[in-house]
Amino acid sequence: MPPDPPAAGELRQDEERPLSLYIHVPFCSARCSYCDFFLVTRLDHIEAFFRALAVETRAAGPLLRDRTVKSIHFGGGTPSLVPVHLVAGWLELAASLCTFAPGIEIALEANPEDLSGNAMEELKAAGINRLSLGVQSYRQRKLSALGRRHSAEDALRITREAVSRFDSVSIDLICGVPGESTGEWLGDLQAALALAAPHISVYMLSVEPKTLLERRIARGLVTVPDEGVQASMYAAAIDMLSAGGYLHYEVSNFALPGHHSRYNLACWMREPYLGFGPSAHSFIFDGAFERRRANAGSLLRYLDNPAGSAAFEEVLSEEERFVEQVFLSLRINRGLDVEFLRKHNKLGLNLPKVTERFIANEWIVIENGRLRLTDKGFLFADHIAGELISP
Ligand code: SF4
């Protein structure tokens, strides 16, 4: 019988694995039409939120002590809405509780409308070395359809300035926006290539329940491009960005050499991370056990009890670890160890049959003992992973 997992209060991080930190900053000045993230649009709680964040961070001291942190990611919400001295103060606190690795990545998600004046220089001075810009498009029509608050002109100017000032810059682009043509999407890709942002994330617009976008579609006010058009937009992104020297290293992510997101890659590679703030998730190694934990998606609950707002915490079973490993490994270009798959899946003799079918469809390749998705296969990543784990 395996020993019982230790109680939550006795958690210790596995010393061998590098650690990352995530801070969920749950504020936006307004909600974009397609967004279903946890956030609030009342900004008068920002200072109180950072006081609570300090309490939660200090309470995580035992998990941080003697640990080296390789990446920190301020996500949201819109972290660029926050006065920079609050970000700097939290970084100072974190640095007093753990060791920052040499060359640590400290990334912050920012919206172009928040970055005028000295904002970029202030963020750099606070320690931010990677800016993740919520550009979404360089086309005014698309930005208006998405309910974004920056103009196309802001997007171009801020990307140009950020690329010249920061060690690394990532931009998010969305395709499949209501009324979008393939030509419009190619224009966005051309603009991004001309601006030479070292990292580009490409997302297909997803229509989430209870969003303004969903209501508009239900009322017949707008239509989104169908799946076939979205797939051809995604294929165009792969072709153009690969030709531009970007490595397609994850389903939605493209990087020039050395500019991949260390924080996101840590999550996909199942390295440990600690999340702070409402709705933030953590993945904690605890001897032979792996735990996932999530804070409740409630700002008031978080402010009331910052160190005790976990909504769930679970130790992963062996089966759950296997499923996670398959789904996450297939998202990245490194792929999945075939031996690992053979050992753990329940397909037995059917595995070669399944993989042969995927190879014939040109969805996967098997090279040097690893199973990787092709560019075509990336579109079906979850479907392929699902079949590989099914008995
Ligand atoms: S800025 Fe980002 S997090 Fe905020 S509402 Fe828009 S999509 Fe959502």
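Throughout, numbering of the chain's residues begins at 1 and tracks the sequence.
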Are [X] and [Y] in one and the same hydrophobic cluster, where Ile, Leu, Val, Met, Phe, Trp and Tyr link if side-chain heavy atoms are under 4.5 Å apart?
X	Y	result
Ile389	Val354	yes
Ile332	Val365	no
Tyr138	Tyr203	no
Ile46	Val25	yes
Ile106	Leu86	yes

Would you say the side chain of [Y] lies within less than 4.5 Å of the side chain of [X], judging by non-hydrogen atoms?
X	Y	result
Tyr263	Arg130	no
Val69	Thr99	no
Leu195	Val163	no
Gln190	Met240	yes
Ser298	Pro278	no
Ser170	Asn253	no
Ile217	Val224	yes
Leu133	Asn111	no

Rounded distance [0.5 Å steps], [atom1] in [X] versus [atom2] in [Y]:
X	Y	atom1	atom2	answer
Asn333	His248	CG	NE2	8.5 Å
Thr211	Phe37	OG1	CZ	12.0 Å
Glu122	Ile128	CD	CD1	12.0 Å
Glu227	Tyr234	CD	OH	14.0 Å
Arg372	Leu330	CZ	CG	11.5 Å
Leu213	Leu205	CG	CG	5.5 Å

For the residue pair [Y] / [X], report whether a side-chain donor-acceptor contact shorter than 3.5 Å exists.
X	Y	value
Ser206	Glu208	yes
Arg149	Ser29	yes
Gln136	His150	no
Arg148	Tyr34	yes
Arg301	Asn295	no
Arg262	Ser71	no
Asp188	Ser137	yes
Tyr302	Glu56	yes

For [Y], does its backbone N or O pair with a side-chain atom of [X] as donor and acceptor, under 3.5 Å?
X	Y	value
His344	Phe340	yes
Ser232	Val229	yes
Asn361	Phe358	no
His383	Gly386	no
Thr374	Trp363	yes
Trp185	Cys175	no
Lys142	Gly179	no
His24	Phe38	yes
Ser252	Ser201	no
Arg157	Ser116	no

*Evaluate the criterion salt bridge (charged side-chain N to carboxylate O under 4.0 Å, His left out) for residue pair Glu314 and Arg291; output intermediate values, then yes/no.*
CA-CA 5 Å; Glu314 62 182 9; Arg291 294 177 189 272; over 6 Å; no
_Criterion side-chain contact (heavy atoms from CB on, under 4.5 Å) on Cys28 and Leu39, from CA distance to verdict_ = CA-CA 7 Å; Cys28 285; Leu39 57 92; 3.8 Å; yes
Side-chain ion pair, [X] and [Y], N-O less than 4.0 Å:
X	Y	value
Glu324	Arg292	yes
Lys70	Glu105	no
Glu180	Arg139	no

*Derivation of the side-chain contact (heavy atoms from CB on, under 4.5 Å) call for Leu388 and Thr355*: CA-CA 8 Å; Leu388 289 175; Thr355 51; 4.2 Å; yes
Looking only at heavy atoms, which two atoms of [X] and [Y] are closest? And how far apart?
X	Y	value
Leu256	Gly244	CD2-O, 4.1 Å
Asp114	Leu81	OD2-N, 3.8 Å
Ala145	Arg216	O-NH1, 4.0 Å
Ser151	Leu143	C-CD1, 3.6 Å
Asp172	Ser132	OD1-OG, 4.5 Å
Ala126	Leu91	O-CD1, 3.3 Å

Quick check: are there more than 12 heavy atoms from other residues, nucleotides or ligands sitting under 6.0 Å from [atom1] of [X]?
X	atom1	result
Phe100	CZ	yes
Asn368	CG	no
Glu153	CD	no

*Decide yes or no on side-chain contact (heavy atoms from CB on, under 4.5 Å) for Leu64 and Leu19, but give the supporting numbers first.*
CA-CA 9 Å; Leu64 291 166; Leu19 181 64; 4.0 Å; yes
*Step by step, work out the ring pair (Phe, Tyr, Trp, His ring centres under 6.0 Å) result for Phe285 and Phe283.*
CA-CA 7 Å; Phe285 287 82; Phe283 182 38; 5.0 Å; yes
*Candidate pair Phe312 and Arg293, rule side-chain contact (heavy atoms from CB on, under 4.5 Å), full reasoning*: CA-CA 6 Å; Phe312 83 83; Arg293 182 167 74 195; 6.0 Å; no
*Among Tyr22, Phe276, Trp90, whose ring pair (Phe, Tyr, Trp, His ring centres under 6.0 Å) with Phe74 holds?*
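So, applying the ring pair (Phe, Tyr, Trp, His ring centres under 6.0 Å) to Phe74 and each of Tyr22, Phe276, Trp90, only Trp90 qualifies.
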*asked:* Determine whether His199 and Tyr249 satisfy the following criterion, ring pair (Phe, Tyr, Trp, His ring centres under 6.0 Å), listing intermediate values before the conclusion.
replied: CA-CA 11 Å; His199 186 279; Tyr249 73 100; 5.6 Å; yes
